[in-house]
Amino acid sequence: MSKRQLVVAETVLASTTAVARPAAPLAKRPRLSPPLSTVPSASLPSTPLSTSAIANPLSTFAPSAYHAALATTGASPTEADLLRLECETLDPSWLAQLQDELRKPYFLSLKKFLWQEGLRGTTAKDEKGKAKVFPPGQSAVGSNQRQAADELDPGDSGLSRDVYSWSRYTPLEHVKVVILGQDPYHDDGLCFSVRPGVKIPPSLRNIYKEIKEEYPEFEVPKHGNLISLARSGVLMLNTSLTVKPHQAGSHSNKGWETFTDKIVELVDEYGGSGEVGKKSEGVVVLAWGAWAAKRVAKMDKNKHLILTSPHPSPLSARRGFFGNGHFRKANEWLEAKYGPEARVDWTNLDPEETETGLQNAA
């Protein structure tokens with residue numbers, strides 16, 4: 001990739017991230033954790049925090065410099081080729097913390113596998129425009145950003161930005177709630193979510209039923225897009241971030257599980273802090289099904305609220321998902337710990353036109 005292309009890439013990522021993050025309110029946005037001045041002196045540490053504990057990793061981290069340091073020689077695809085997608089589309093709050101993880105042998109092996117599957121660089125479509133890997137590469141950006149993205153690689157109409165869309169909608173320091181899925185649904189990088197116009201999956205229909213039970217005022221939408229929750233601080237993470245079209249589990253046990261375990265580890269350490277680089281004070285985890293419960297088993301149960309139940313699938317929803325009360329319990333815990341502004345509005349699922357492409361929907 002030329003130096004000019006990488007500069008354009010960073011511009012696209014910055015503009016995409018700016019769109020994905022919640023707009024700043026007129027009043028000062030309250031932090032999830034209280035400012036230092038409001039914490040009783042008895043609860044303050046007796047010794048000063050180390051520099052590493054309070055350092056802002058973004059203050060010295062630049063995606064362009066990171067990409068420039070990647071190997072560009074040797075057998076093709078090179079390290080720089082394999083990690084182009086991560087450099088261009090992972091939110092910097094996550095990329096800064098994952099920079100070493102991405103260069104580990106297991107992750108490069110995963111990316112080589114995906115390269116063979118069809119996810120090459122930032123493209124996941126064949127020459128006929130057919131998706132070879134889900135998410136298939138419909139960029140969640142507006143028309144002006146799309147034009148800039150096309151300048152990055154002329155003719156590259158299958159930019160796979162949705163593989164890491166969860167990172168841009170929910171930066172690390174903004175995570176309040178974690179929901180875990182397994183494989184991406186169709187064309188969406190958020191777990192349980194689909195784009196407007198795609199039939200609502202059965203598990204998501206059951207999630208809607210439970211929200212309705214807990215919040216009777218909830219008007220069940222006719223779409224399955226959950227971007228609004230992601231913007232609200234709900235990290236909607238699949239344990240496999242890609243899948244072969246219509247073949248569930250086809251990319252499992254290839255390395256994604258190790259990578260997403262690292263994501264969970266970062267949430268355990270930094271989620272709910274409200275500030276980049278600050279240690280976590282606790283988040284809510286909704287672990288539905290044995291698979292999800294296994295993924296979060298190592299999280300600090302004294303710091304976080306970890307709620308488990310059967311999966312919302314029609315095969316198991318009546319065994320304990322229905323009636324689990326997780327959405328209300330999550331808000332009660334968040335309000336008690338951080339104040340009423342930390343609650344998640346589970347009933348507002350309006351998709352946003354500039355992000356979902358809804359303006360083009362019939």
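Everything numeric in this text was worked out from a predicted model, so none of it was measured.
Side chain to side chain, His251 and Ser240 fail the donor-acceptor criterion of an N or O pair below 3.5 Å.
Atom-to-atom distance recorded for Trp288:CH2 and Gln182:CD is 13.0 Å, nearest 0.5 angstrom. Put simply, NZ on Lys298 and CD on Glu265 are 8.5 Å apart, with the number rounded to the nearest 0.5 Å. In this structure, Ile227 CD1 and Arg195 CZ are separated by 6.0 Å, a value rounded to the nearest 0.5 Å. With rounding to the nearest 0.5 Å, the separation of CD in Glu79 from NZ in Lys112 is 9.5 Å. The line from CG of Leu349 to OG of Ser228 is 4.5 Å long, rounded to the nearest 0.5 Å. Here CG of Asp81 is found 3.0 Å from OG1 of Thr78. Values are rounded to the nearest 0.5 Å.
Here the closest non-hydrogen pair linking Asp345 and Leu229 is O-CD2, 3.8 Å. Across Cys191 and Leu180, no two heavy atoms sit closer than the pair SG-C, 4.2 Å. Taking both residues in full, the closest heavy atoms of Leu82 and Pro77 are given as CD2-CG, 3.5 Å, listed atom of the first, atom of the second, then distance. Of all the heavy atoms in Pro310 and Arg319, the pair that sits closest is CG-O, 3.5 Å. The heavy-atom pair separating Val283 from Gly272 by the smallest distance is CG1-N, 3.6 Å. Taking each heavy atom of His311 and Phe321 in turn, the nearest pair found is O-CB, 3.8 Å.
Around the NZ atom of Lys301, the shell of radius 6.0 Å holds more than 12 heavy atoms that belong to other residues, nucleotides or ligands. Other residues, nucleotides and ligands contribute more than 12 heavy atoms inside 6.0 Å of the CZ atom of Arg328. Counting heavy atoms of neighbouring residues, nucleotides and ligands inside a 6.0 Å radius, atom CD of Glu219 does not exceed 12 of them. For Lys303, the NZ atom is densely surrounded, since the number of other residues' heavy atoms within 6.0 Å is greater than 12. At most 12 non-hydrogen atoms from other residues, nucleotides or ligands lie less than 6.0 angstrom from NZ of Lys244. Around atom CD of Glu213, no more than 12 heavy atoms belonging to other residues, nucleotides or ligands sit under 6.0 Å away.
Using a 4.5 Å cut-off on side-chain heavy atoms (C-beta onward), Leu235 and Ile263 make contact. Inter-residue side-chain proximity for Thr72 and Leu70 is flagged as unmet; no heavy-atom pair is nearer than 4.5 Å. A 4.5 Å side-chain heavy-atom check between Lys278 and Tyr270 finds every atom pair outside the cut-off. By the 4.5 Å heavy-atom criterion applied to side chains, Val177 and Leu334 are counted as neighbours. Side-chain contact between Glu335 and Pro340 is present, with heavy atoms from C-beta onward closer than 4.5 Å. By the 4.5 Å heavy-atom criterion applied to side chains, His67 and Leu83 are not counted as neighbours. Inter-residue side-chain proximity for Leu98 and Leu266 is flagged as met; some heavy-atom pair is nearer than 4.5 Å. Counting only heavy atoms from C-beta outward, the side chains of Pro312 and Lys209 never approach each other to under 4.5 Å.
Here the side chain of Ser193 pairs a donor or acceptor atom with the backbone of Leu226 at under 3.5 angstrom. Lys176 places a side-chain N or O within 3.5 Å of a backbone atom of Ala342 that can act as its donor or acceptor partner. Of the possible polar contacts, none joining the Gln97 side chain to the Trp94 backbone as a donor-acceptor pair under 3.5 Å is found. Judged purely by atom type and a 3.5 angstrom limit, Ser167 uses its side chain to pair as donor or acceptor with the backbone of Asp91.
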Stepwise side-chain contact (heavy atoms from CB on, under 4.5 Å) test for Ile211 and Val220
CA-CA 9 Å; Ile211 296 176; Val220 177; over 6 Å; no
Given the rule in the side-chain contact (heavy atoms from CB on, under 4.5 Å) test, do Val178 and Val296 qualify, once you have shown the distances and angles that lead to the verdict?
CA-CA 10 Å; Val178 180; Val296 302; 5.7 Å; no
Side chain to side chain donor-acceptor pair (under 3.5 Å) between Tyr106 and Glu101, intermediate numbers included:
CA-CA 9 Å; Tyr106 88 88; Glu101 193 76 11; 2.8 Å; yes
Could you go step by step and tell me if Val344 and Asn331 meet the side-chain contact (heavy atoms from CB on, under 4.5 Å) rule?
CA-CA 6 Å; Val344 174; Asn331 274 345; 3.8 Å; yes
Go through it in stages, so that I can follow the logic: the residues are Leu114 and Lys254, the test is side-chain contact (heavy atoms from CB on, under 4.5 Å), and I'd like the CA-CA distance, side-chain angles, deciding distance and then a yes or no.
CA-CA 9 Å; Leu114 293 173; Lys254 301 295 184 181; over 6 Å; no
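Note on ring orientation: taking the six-membered ring where Trp is involved, the planes of Tyr66 and Phe61 are tilted (angle from 30° to 60°). Between Trp256 and Phe107, the ring planes lie perpendicular to each other; the angle is over 60°, past the 30° to 60° tilted range.
Partner Arg295 forms a side chain to side chain donor-acceptor pair (under 3.5 Å) with one of Thr239, Thr260, Asp261 and no other, that one being Asp261.
Salt bridge annotation for Glu88-Arg84: present, with a cationic side-chain nitrogen under 4.0 angstrom from a carboxylate oxygen. Lys337 has no carboxylate O lying under 4.0 Å from a charged side-chain N of Glu281, or vice versa, which leaves the two without a salt bridge.
Side-chain heavy atoms closer than 4.5 Å link hydrophobic residues (I, L, V, M, F, W, Y) into clusters, and following such links, even through other members, never connects Trp291 to Ile179.
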